[in-house]
Structure formats: C-alpha cells, structure tokens
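What follows is a set of notes on a single structure, which appears directly below.
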Amino acid sequence: MIPNRFDHATAAEELLARWDAAGCSHADPSSDKPPFTIVIPPPNVTGALHLGHGLNNTLQDIVIRQKRMAGYETLWMPGTDHAGIATQAVVERRLKEQENKTRHDLGREALVKRIWQWKDQYEGRILGQLRRMGCSCDWQRTRFTLDDTCADAVRATFFDLFTKRLIYRGKRLVNWDTFLQTAVSDDEVFNETKKGHFWHFRYPVIDPKPGEPEFVEIATTRPETMLGDTAVAVHPNPAKAFDAVDKALRQKLADAPEKEKPAVRSQIKALEERRKSMLASLEQLRDMAADGRRLRLPLMDRPIPLVADEWAKPELGSGCVKITPAHDPNDYDVGKRCDLPMINILNPDGTINSEGGKYEGLPIPKARKAVVADLESLELLGEIEDRDIELPHSDRSKTPIEPYLADQWFVAMDELAQSAMDAVSDGRVSITPARYQKGYLDWLSEKRDWPVSRQLWWGHRIPIWSATNLDADAAKKLMEAATEVANEHAGLVQVQSDASDGDTCAVFVCLRSDEPELTAAIEALGLTQDPDVLDTWFSSALWPHSTLGWPQQTPELKKFYPTSSLLTSRDIITLWVARMVLMGLNNLGEIPFDRVYIHPKILDGLGETMSKSKGNGVDPIDVIEKFGPDALRFGLARLATETQDVRMPVQYECPHCEKLIDQTKKNRSLPTVPCAACGQVFSTQWAETDEDKAHKRAPVVSERFETARNFVNKLWNASRFVMMHLDEFESTSIDVATLQIEDRWLLSRLATVTEEVTFAIDRFQFAEASRVLYNFAWDEFCSFYVEIAKPRLSDPEQRQVTQNVIAHGLDQLLRLLHPVMPFVTESVWGYLADLAPKRGVPEPVDTEPFVMQAVWPKANTDHHDAKIERQFAEFQALVSAIRKIRASQNIAQRDNVPIAIRCDAATHDLLKPMTAYFAALAGAQVHSIGPDVIAFETDAHAALPEWDVDLHVDLEQFIDLDAERARLEKLDGQITGQIAGKEKKLSNENFVSRAPKEIVQQEREALESLKTQLITVQSDLAKLRTKQSAEASETA
RNA sequence: GGGCGAUUAGCUCAGUUGGUUAGAGCGCCACGUUGACAUCGUGGAGGUCAGAGAUUCGAGUUCUCUAUCGCCCACCA
C-alpha cells in the first residue's frame, strides 16, 4: 500500500500545490494571533542561488514554520534585490560577448529594458528554487527592491532626508572604474600586489634665496598624476614627528620577541641617521612653506605652493610629498585642509583630459611613460626604485581603479549612525552570536558619511533636478521660480541652493513624486534630473518596512512591523543590517527587528567560499534532485552551529555513471575530467547551453547530504511500520499511570525532547535541534520503542493501547520534525490522518488537516518520570551487554541465547515486565531473574556495577573459548588501567585535601566498584583458563 | 597594522558552568538480515584534543605566547 521508499519528487510537487491551495503560508493582517515576521535577505537577481542561500533560507523557514505552529500569525516576506552594479555588469558583459555592443550603443532606456528581462528570468529561477526548498514564504506579497512599492519608499525616504538636510552634495573622490566607466564603492574594490616602480622627481624652487635648495625631491608610484599636482607638502614639525616614530619603535623593541629585536634596533639606528642628515633641511623647507614659497611644477609650468601638513612623513621617502587632491584620497584631505585647488586630469574613460596639457588624450600607461621620459630629458628625474605596489582593482571589471573627483550625493551619518549604535548597545536589537556586535558598533562608530550616488543606469534614479554653474542672480531667480512650483505642490517639492562650488551657484530640487506634470513643471525651469542612481543598499535598507507598504499606513505595516528576527550572513552586517536599523529608526521611529542571527558561511572542501566562477557553487536544486528537499534542509540545519565557517566538500556527479568524484583544486581548473569509475569524460564548467558542449556537465553535489537522506528514509519507514499496524485503530482515553514502562518512558522522553527542541530553535541552535531530533527519532523511537511495540501490536490484549501510544508518538515526532523536514512529515501526516484521525495521549483529539498548521507540541511535564528513564537506561545497558557478548561469540541472530540476570528484589520488580523484550532487542531468552540466580555451566559474565546487576549468558551451544578469553582479557586490561588512574589520583595528597568532598567521595566509590569488577572478571578468567587447559589435556 | 574566528578520529563536526580513560555521522574492519528500513542491524578498530608555557588537587574546556588557516576593517607618496 505505502511504498517502501519516500518518493520526494512526487510528494513535494503535490504538497506544494496543496499548501498553496489552502493558503498555508499566507499571512492575515486582521488576525488576532500575535505577529511573527521575517523579511528575507533578498537574493541578488544576478544569478541562481547556491548552498549559502540554501542554508540561509532553510533556517528562516525552520523558524517561521515553528512559530506558525506555535500559534503566531507568521509572515515570511519574500523578494529579490536589483543589485545595481552586479546586475548591470552581468548584462553588459553578455551584451559584449554576444553582440559585441556596449551600453552606449544601446542607450539608457534600452539597456534598462534588457536588465528587466534578465531580472524576470532570474527572479523566476530564484523564487522557484526557494519554493522547491519548501520555503513557506507569503508568495502573494513577493517584492522586488525596484518595484513601485519599494520605489515609493525610496522616494519618501530620500525626500525626507533631503528636507532634513541629511542629504548633501559634495565633490568627493570615488573609485573610478575606467572600464565600466562608473564609480564603484569601497566594498567593491580589492587590492592586488603588482610589481611597480617608485620614481623620484625634482621640482624646482622658484627664485631660491641664498642657502635654500634649488630643488625639492618627491617620489611617486604614479608619475602621471603629477600633472594634477597642486602642492608639495612637508611636515610642520619634523623634529616632533621623528620623536614620535622613535618612541613607537622603542616600544616595539620592548615588546618584540628576542629574535626580532636586532631588526628593530637597526630600524631605530636608521631613523637616527636619517634624522641627523635630514632634519635641518626639512625644517628649512617647513620654514619656506610658512614663508609662502612656491615651486614650479615641471611639464605644466605651473607654480604650486609648498605647504606644511602632517600627512608628509619625515621618516618616509624624501620627507616631502606631492599633493594631487583630485586623484588620491589622502591628498584630497590635505587639499581640503590647505584649501588647495583640485585639478581633475582624467576623462571618464581613463585618458588624460585637457587639464593635462600636451598629454591630453593619452591613456594612463602611455601618459606615465611620456611624463617620465620628459622629466628625464629635463634632468629632473632621480632614482627609480623597484617596488611591490598594492593596486586597487574593481571587483566587477577586474581592472585598476583610478581615484577620481566627482559630484556625489551623501547621507550624513552622524545622528543616524548613533541611533543604530544605541539600538544595539542598549539591547533593543540583539545580535547572535554576540561576538558580531563588535564589528557592527566599530563600523558605525566611524560615522563616515554614506556616498549614495552610483554612476549607473540600473537602480532608483536620484530624485533631484539641478542647475549648476549659475551666477548669483540667475540662481536667485531660479530659486524663486522653483519655490513657486513648490508652493503649488505642497509637500512634494523641496528646493535648496548651494554655493560651495567655487564662485558659481547651484539650485537643487528634490521631488517626492514622479507625476509627469510635476516633473514637467520643474524641467520647464531649465532644471535637469541627476543621471545617477542610488546605491543598492539604499533601497535594501528600507526592506523591512518598504515591503509592508510604507509610507502608506497599510494593515500589513501596522500588524507586522517591527519584524521579529533577521537571519543573515556575516558579510553584510554593516552594509545591510546596520543600515536597516538606522533607516527603520528614521522612517518609523522603531527598530526594524529585535533579534539578528548570523549563521555560518559554507566553504567548499578546500576552505574556499562557493562561487559560480570557481565552479564550486552547489545549486540546491541539484541536491534536491539527488537527495530530496528534506535531506537538503536537514543536512544544512545540522551545520548551523555557532562557528563562523563550515566546510562542505563537494563532488562532481559523473553524468554517465552517477559516481561521485571529489572536487580538487586540480580538477576544478580543468575544463573536462575523466570519470574515475567509467572513464568517460565530463565537463566541470557551467555552460550557457549544455547542448553546445561536447561533454555533459557534471552536477556539483556533496555526499554530506547522504546521512540526512538516510534519516528521511528511516523516518519514512518507521512511519510505514506504524501505519501498517494501525488498521482498526480506535482512539481511546488513556490513564497514563496504567501504561507499561516503555510507554511511559516514551512519553517522558517526548516531554524532554519537546523542551529541548523548542529551546534550541528559539535560540537559533539549529544544529542542536537537529541532533536532538535525529537521536531521539532513530535511537529511541525506532530502535527501542518500535522494536518493543512489535510483539505488543500482535497481542490482542495490548494492541489497542499500543496503537494509541505509538500513533501519538509518531504524531508528536512529525510535529517536532516538521519545521526541518516539511515534506516527509506532511506526507506521513496525510496517511496517518486516514488511519487515525483522532489521536493523542491522554485524550484523543481531532487533528489538523496539515501538520504545517498543527499545534506545536507543548512539553507535558506530567509525563516526566526520572525513575522510569533510569529504569529504561538500565534495560538498555543490559541489551547492550548481551549484544556485545553475542558479537564476541559470533552468535547468529536467529539463535536465541538463554540469560540470567542477578539483581536485587526492587530491580527485579522493575525489569520483570520487560523480560519479554530481550528477545526482540537482543535475541535473548530470560531464563531467570532475581537476587539468587546461578551462573550457567558455560557462562559469559558481565557486571553492571552502576545498577548492582550481573548478567549471565549461557554459551553452552555457542562457546568459543578463545573468543571469550579475548573478551575477558580485554576487559581486564581496561579495568586495570582505570584502577591505576584512580589510585594515582587518590594517592595524591593535594587532590584528597583540596578537591570538593563529593568529588573525592565519587572517585573512591568508583574505585571500589572497579575493584569489585576486576575481581569478578579475573575469577571468570581463571575459571575459563582452567577449563581450557582441561580441554587441552583431554584432547591430548 | 587593528579586530574576529578556527585548529578534537582518515573526512565533516559536537563537546554545557574545569571533575570517570573525549563523542556523533560518514568512511574502514568483522558479523548479520524474508517481517518498517541493505537508504538496514549489531559489534569493533581508530584521538599526545595544533605546539609551548601558566593557573589549578584536576585543563579539550581558563589565561599567555607560537604556528597554520580563514574572514572583516584600516593603510600603503
């Protein structure tokens, strides 16, 4: 009737449809139940999900399913993120590869249209992956960070911040990607060490006075930037600077381990010499700077000032530093401090612009060569050192970054950051594991303003219209006109002017709405919209409330905000979590969630993060197809410990013979690999279309899920067994006190397990919850309870009560396992409902149509029974002892062995009802039990001192004397070793006098017990030896 | 340079406030299986808890240092 393997593919498809039809995961804002909300960390629409997302979403689903069952009105808000740069870069790359076009060939509108198509395709794929994993999101509410609802939240937020003057425009250095022609954020920059040079130049001093140097020497790794130099800096107090470095070095010397001291000493010595030789000239330069002396910038023939600034480090290079404010972050700061002009010498494409004089039009490498050559011919070139240089690269295009001065919009972070820090410091928002709080607080405490402009086409367009380079008069008129429009559209237009840009003025208008009429009115005044879009994180930061309809006061927002828990990965604690907190506080005055859980990161077998480009990314769908969705989820949940990384060795599954081949650094980099089993070749790379490839691609999977798949099957088969014995089921009320010991043991254990699992899930201890469930289901429910139930189910006297208890046990187990393994539990639940629609101990009740909507078990503390658990442990110990003896004697399972159990009268009473079960569990027939049993003629003896019980197994028909002797000798060795350890400990005067009394007493008792055991074992051994030698002489 | 984390069986990981000779799953070995389950059962082998030191009667567990690996942040004329 019921198949002996769980067909997860068919079941999943059917269950998903039934859950949908019943609206199981739909959240009702008008519900009376308390709310529980999770917003999904929206996956980027850049590509498909991998196992990292698999873990993240599995954990969220476990929490949401458990809370749903526990009586909350749960909302799991799904959606995806437009991921500005990443998505645009992917689409542009394809455009280049497939059509050899750039975005400029297409134009803004057409490119954005293409990206929408891409988004539709991947959003569908991502949501499909989540669905197949069983994620119980409220799909009807699916949002996208760029959809109209989110767009309105972005507009409202931007308008608000602009009105509060928390958004401002400034010229700032950006990391310019000359290939993509866009600014990239610091987070999207990585450093790469390249071999480079350190060029020394001499800049002539203009009209040196007698005694003054004719040249000032500077050094640079980027010669072409000298075209934009606007100063040379020297330290304002070189002597003090030398002192500070000297002090730092001496401290280092004191702290350094002995073997490093010589190196530090020589550094100190070098510094002293340097000071001796350079201090005077640096102080002279400093004085010249104070005197307003200037240098002549070679090639450009431009006078530039000598300035005093602490950025110039006397201990480095020549002690002087050229200042290029428009192309270096530190120089930019100097430029600000010293009020220097900022000359941008680059075009967006990375060529030199008209500010670069005769070098105009040259790309950077050529300009660099030309500058060096020209300086050499002017005899202004000094030494050229070889040097390794850390060069910033764009993570997107993998090309070098050029620091570049551009107009950018910023969010002032001071107060916002403080509010987000307070929320965590005072505990309104908790972060688990707690160690991640530090990073969050440290990052926010810098309170660096947030640059939100991105020179992209894919994203929320900045809702600012501006006119720049106006004279004061024009600006005033424009302000008046714009203000008039603002008055006509109250609350929708905010006008500001700005005179920071040199002598010219600018007018900025922020529009709250994108009504065409309003836009037209503003554009009619000659204002144009900023071409840039907002940083992706700006819209992500609003996610917990934008998805609920804010700024509209929707029923959803009222019911489900603030949300409850956020589960995410550690790399976006600052970029995302912190910003959600501060935006939630700004927009609603309330924190967005009260608990944040950071889960570990999944690495491959080589300890590297998974990614498509490395080829080690595992698609959850591949795992689902091989092992099933429940196995995927259980396998992932048991990895979610408090550690920060977990390793998941991955394998290729040969597409020809399905053999798994370990992925290694070597085969990963090869395009094709021969299968170790069948010899046929498969491809290891992702291809756009498999048909195009000569070789079939091997899916990447991991056998880590095998255990989980086996567990699903175990549960399925145990359920199958139960249901095969539920015919003619009749539910009855049960007086627990009248139940047999094994029933009460099961109920007691269920109470404990329920407590443990509930506690663990609430604390985000997913691995612990999984472990507890696995052990209980397999080792207790299956291996003991079901085995014991077998004979009882065929006993007419006991059948009905056993059916009721076992149905209840399965029922509770299904509920507890449901959040982790929704499909198999729901499937079994359906079968069980047909057989036992009304069930439960002590009172049967009607059960819910879906386990997904069933009530989460409440630990029944009345069922706790320490005595019975102990009694059962004793029984289990006896079973285990019999099994060991049987195994050492190689006794076939079909053969029953007679046993005798010596125990006191009380134990006898407890064990008596269970004697029948020794047959099912240990293949043993209880011959006698009680205080006075006698050993068998051919006897194997095991002592269980913990309970004062002796086990005797009759080996008459089976005896293998050598094996028995080996068993006893091994036991002898083990006990002797333990005794030695204890005696050593107890003979230690310090231990006896200082350790707590109860510990010492415990040790003494343990020692006594061991000694008794040893005597027994040794006497058994002696008997055996006598017997053996007797037999030997007989044979002889 | 600053910070965080990891190092326990061949592999992947547990190990509560310090207290019997350190556990699980997989893999390995032996035996077994017609009755829910070979996606199974029973038993076994396998560990100087990265290294050194300190605290303690007692350290996988606390502290210091070292090594290796990983991540985050900052900086580098």
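Here is how names work: the chains are called A, B, and so on, in the same order as the sequence lines, proteins then strands, and each is numbered from 1.
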Starting at atom [atom1] of [X], determine the distance to atom [atom2] of [N], rounded to an integer number of angstrom.
X        : N     : atom1 : atom2 : result
A:Trp716 : B:A36 : CH2   : C1'   : 11 Å
A:Gln437 : B:G3  : CD    : P     : 18 Å
A:Arg709 : B:G25 : CZ    : C1'   : 14 Å
A:Gln803 : B:A36 : CD    : P     : 15 Å
A:Asn717 : B:C40 : CG    : C1'   : 9 Å
A:Phe991 : B:G58 : CZ    : P     : 11 Å
A:Phe784 : B:A36 : CZ    : C1'   : 17 Å
A:Ile573 : B:C71 : CD1   : C1'   : 11 Å

So which nucleotide from [options] ends up closest to the side chain of [X]?
X        : options             : answer
A:Thr707 : B:G41, B:C37, B:C26 : B:C26
A:Glu706 : B:C40, B:G27, B:G43 : B:G27
A:Ser880 : B:A74, B:C37, B:G43 : B:G43
A:Glu446 : B:C57, B:A36, B:C73 : B:C73
A:Asn713 : B:U20, B:C57, B:C37 : B:C37
A:Lys982 : B:G43, B:C57, B:U20 : B:U20
A:Tyr774 : B:G25, B:C57, B:A36 : B:G25
A:His725 : B:G19, B:A36, B:A74 : B:A36

Could you tell me how far [M] sits from [N] if I compare only their [atom1] atoms? Round to whole Å.
N     : M     : atom1 : value
B:C31 : B:G70 : C1'   : 44 Å
B:A50 : B:U7  : C1'   : 6 Å
B:G27 : B:C11 : P     : 15 Å
B:C49 : B:A14 : C1'   : 13 Å
B:G23 : B:G46 : C1'   : 13 Å
B:G51 : B:A30 : P     : 33 Å

Using a heavy-atom cut-off of 4.0 Å across all strands, would you classify [X] as base, sugar-phosphate, or nothing?
X         : value
A:Arg570  : sugar-phosphate
A:Gly981  : nothing
A:Lys714  : base
A:Trp443  : nothing
A:Ala1006 : nothing
A:Trp778  : sugar-phosphate

- Scan nucleotides 11-16 of chain B nucleotide by nucleotide, 5' to 3', and note B when protein non-hydrogen atoms come under 4.0 Å of the base, S if they reach only the sugar-phosphate, - if neither. SSSS--
- Message: Ignoring hydrogens, what is the shortest heavy-atom contact between A:Phe6 and A:Asn713? Give both atom names and the distance.
- Response: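 Scanning both residues, the minimum pair turns out to be N-OD1, 4.2 Å.
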- A:Lys714 NZ/CZ over A:Tyr774 ring centroid, <6.0 Å and within 45° of normal: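 Verdict for A:Tyr774: no cation-pi partner in A:Lys714.
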Look for any protein N or O under 3.5 Å of an N or O in nucleotides 45-50 of chain B and output each such pair with its distance, or none.
{"residue": "B:A45", "atom": "OP1", "partner": "A:Lys970", "partner atom": "NZ", "Å": "2.9"}

- Pair of N/O donor and acceptor under 3.5 Å linking B:C4 base with A:Lys438 side chain: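 No, the side chain and the base share no sub-3.5 Å donor-acceptor pair.
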- Message: Could you work out, with side-chain hydrogen bond (donor to acceptor under 3.5 Å, both in side chains) as the rule, every residue matching A:Glu224, not counting sequence neighbours?
- Response: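 A:Arg368.
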